[in-house]
Asks: 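Sharing a structure with you now.
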Amino acid sequence: MRRRIPSITALLCFEAAAKTEGFARAAEEMNITQSAVSRQIQQLEAFVGQSLFTRAKQRVKLTAAGKTLLAELSPLLEDLELIILKTKSHDNAEGTLNIGVYPTLGSRWLMPLIMGPKADKIRHMLNLVTYLQNADIDPSRVDLAIAQGGGHWPGYRADRLMSETLVVVGAPNQFSEQINDPHTLLDHRILQHSTRPQSWQIWFKAQGLRLPRKLIGPMFSQFDMLIDATRNGHGIAIIPETLVRSELEQGSLAKVHAYEAKTNSAYYLLTPEAKVGVVRVERFRRWMLIHLQDDEQDGEDAPGVLE
């Protein structure tokens, strides 16, 4: 079925004339003659059955219909341009890669990984796209994404990267010794992550215990803020060990309780189905999986490299 839309040239001429408020300047921008721009605009007006401009000497102004068309057309043309650019670079092994990641995981784990000593094998320009929750991952904006969850990822190829371990941490000057009784932890101010409110319940349940009451305390939307509040002595928190490994090693955070809870979820490297097979995507994916496998080859959670 033939689509009932005008030519792309007519739409581009309209946008140029609307933004420059003149056919002459639009002609310069389009690199065609002014009469050609005028013809394209006339054809577009005939197609839509509306006057799109009012003419006054050397300048033109949008009519109400023209303003409506411009507001809705420009984003579509930008999307079309992006689609064409993506298609042109589809099999470009050296092209840009958009990597989706949570902000704190990106700054504390992914950045050191891709800037580390083995990163010299990466031959891509990397652009990090951040989101706060899995529902915000946009497969049209990312070539790969790193997400935490239970392993069900419709619309993506999923490679398991690493398990998640939860630890209870606090300011070291407040906890010179670890607390043995998990229930005693609740005597302190409890800090929580707003999208991970079940962390305390999971940590207790992993030990065969039941969280005795609903927790009330400050909530933070990002782990970076939660970590800063904990490090500054405002309370204790349960945080994935991956995100506070550096603080624990340097002594700016302390484990308040010895128990480490392995959760049923893990971190996954997600490839949108439409991006599977793209050379640069597959190359970076293979680098990441092999790199992590080398780092964890003695552990049971080492990822597998899937071909």
Side-chain angles (χ1 to χ4, degrees), residues 1-100 123-131 134-145 154-157 270-284:
M1 178 179 175
R2 186 169 180 266
R3 296 190 182 278
R4 295 182 56 81
I5 58 175
S7 72
I8 292 295
T9 301
L11 296 174
L12 292 174
C13 285
F14 164 75
E15 183 188 42
K19 291 183 175 180
T20 61
E21 296 187 337
F23 288 177
R25 293 175 63 187
E28 293 177 5
E29 185 174 303
M30 295 289 296
N31 197 28
I32 58 177
T33 65
Q34 182 175 341
S35 60
V37 170
S38 181
R39 284 195 302 272
Q40 291 291 335
I41 298 297
Q42 290 173 1
Q43 292 174 11
L44 180 60
E45 289 179 321
F47 188 93
V48 299
Q50 300 281 340
S51 294
L52 301 175
F53 293 98
T54 57
R55 281 79 167 172
K57 296 183 179 180
Q58 300 299 317
R59 300 190 66 181
V60 295
K61 288 191 175 296
L62 289 169
T63 63
K67 291 177 181 178
T68 299
L69 178 59
L70 179 65
E72 297 188 8
L73 177 64
S74 288
L76 295 178
L77 291 175
E78 291 175 2
D79 289 343
L80 179 60
E81 183 178 26
L82 181 59
I83 290 171
I84 297 302
L85 288 173
K86 286 182 178 179
T87 303
K88 289 176 65 176
S89 63
H90 187 272
D91 284 328
N92 181 358
E94 311 302 328
T96 299
L97 276 174
N98 294 321
I99 311 296
R123 296 290 183 264
H124 315 288
M125 181 180 294
L126 302 180
N127 176 42
L128 298 190
V129 179
T130 60
Y131 39 79
N134 295 341
D136 295 334
I137 302 175
D138 185 349
S140 69
R141 294 188 62 210
V142 299
D143 298 303
L144 293 158
Y156 298 90
R157 175 185 60 189
L270 307 180
T271 310
E273 290 178 348
K275 309 293 178 66
V276 173
V278 175
V279 174
R280 66 184 183 281
V281 171
E282 299 299 333
R283 182 176 294 178
F284 183 83

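Numbers here are sequence positions counted from 1. When reading the values below, keep in mind they use all heavy atoms of this one structure, side chains included, and skip hydrogens, waters and symmetry mates.
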Asks: So which heavy atom on Gly66 is nearest to which on Phe14, and how close?
Replies: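 Taking every non-hydrogen atom into account, O-CZ, 3.4 Å.
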Asks: Would you call Val60 and Ile41 a side-chain contact if the rule is heavy atoms closer than 4.5 Å?
Replies: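 Not in contact.
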Asks: Rounded to the nearest 0.5 Å, how far does CD1 of Ile32 lie from CZ of Phe23?
Replies: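 Spacing of CZ (Phe23) from CD1 (Ile32) equals 11.0 Å.
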Asks: Evaluate the side-chain proximity of Glu15 to Leu77: yes if any heavy-atom separation is below 4.5 Å, no if none is.
Replies: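 Yes, side chains in contact.
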Asks: Can you tell if the side chain of Leu62 reaches within under 4.5 Å of the side chain of Phe53, non-hydrogen atoms only?
Replies: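 Sidechains of Phe53 and Leu62: in contact.
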Asks: How far apart are the closest heavy atoms of Leu44 and Pro6, and which atoms are they?
Replies: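 Nearest heavy atoms, Leu44 then Pro6: CD1-CG, 3.6 Å.
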Asks: Distance from Thr63 atom OG1 to Leu52 atom CG, nearest 0.5 Å?
Replies: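 Taking OG1 in Thr63 and CG in Leu52, the distance rounds to 5.5 Å.
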Asks: Search all heavy atoms of Ala145 against all heavy atoms of Tyr131 and return the closest pair with its distance.
Replies: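 Nearest heavy atoms, Ala145 then Tyr131: CB-OH, 3.5 Å.
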Asks: Flag the pair Arg141 / Asn98 as yes when at least one side-chain heavy-atom distance between them is below 4.5 Å, and no otherwise.
Replies: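 No; the side chains remain at least 4.5 Å from each other.
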Asks: Checking side-chain polar atoms at under 3.5 Å, does Thr9 have a donor or acceptor matched by the opposite partner on Ser7?
Replies: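 Side-chain D/A pair, Thr9 to Ser7: absent.
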Asks: If we ignore hydrogens and angles and just use 3.5 Å, is the side chain of Gln34 paired with the main-chain N or O of Ala27 as donor and acceptor?
Replies: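 Absent.
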Asks: Do the non-hydrogen side-chain atoms of Val276 and Val281 ever get within less than 4.5 Å of each other?
Replies: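 No; the side chains remain at least 4.5 Å from each other.
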Asks: For residues Arg283 and Arg280, determine if any side-chain heavy atom of one lies less than 4.5 Å from a side-chain heavy atom of the other.
Replies: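 The answer is no, as the side chains (C-beta and beyond) never meet within the 4.5 Å cut-off.
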Asks: Might you point out which heavy atoms bring Lys275 and Pro139 nearest each other, and give the distance in Å?
Replies: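 Of all heavy-atom pairs spanning Lys275 and Pro139, the closest is NZ-O, 3.6 Å.
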Asks: Once rounded to the nearest 0.5 Å, what's the spacing between atom CD of Gln42 and atom SG of Cys13?
Replies: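 That separation rounds to 11.5 Å.
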Asks: Applying side-chain contact (heavy atoms from CB on, under 4.5 Å), run through Leu11 and Leu76 and close with a yes or a no.
Replies: CA-CA 11 Å; Leu11 296 174; Leu76 295 178; over 6 Å; no
Asks: If you take all heavy atoms of Gly277 and Glu282, which pair is closest and at what distance?
Replies: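 Closest approach of Gly277 to Glu282: N-OE2, 2.7 Å.
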Asks: With a sphere of 6.0 Å drawn around CZ of Arg59, does it hold more than 12 non-hydrogen atoms of other residues, nucleotides or ligands?
Replies: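 Open: at most 12 neighbouring heavy atoms sit under 6.0 Å from CZ of Arg59.
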Asks: Would you compute the distance between atom CG of Leu128 and atom CG of Leu97 and round it to the nearest 0.5 angstrom?
Replies: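 Answer rounded to 0.5 Å: 10.5 Å.
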Asks: Is any side-chain heavy atom of Phe284 less than 4.5 Å from a side-chain heavy atom of Asp143?
Replies: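 No, their side chains stay 4.5 Å or more apart.
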Asks: Looking at every non-hydrogen atom in both residues, tell me the closest pair between Thr20 and Glu29 and how far apart they are.
Replies: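 For Thr20 and Glu29, the tightest heavy-atom pair comes out as CG2-OE1, 3.8 Å.
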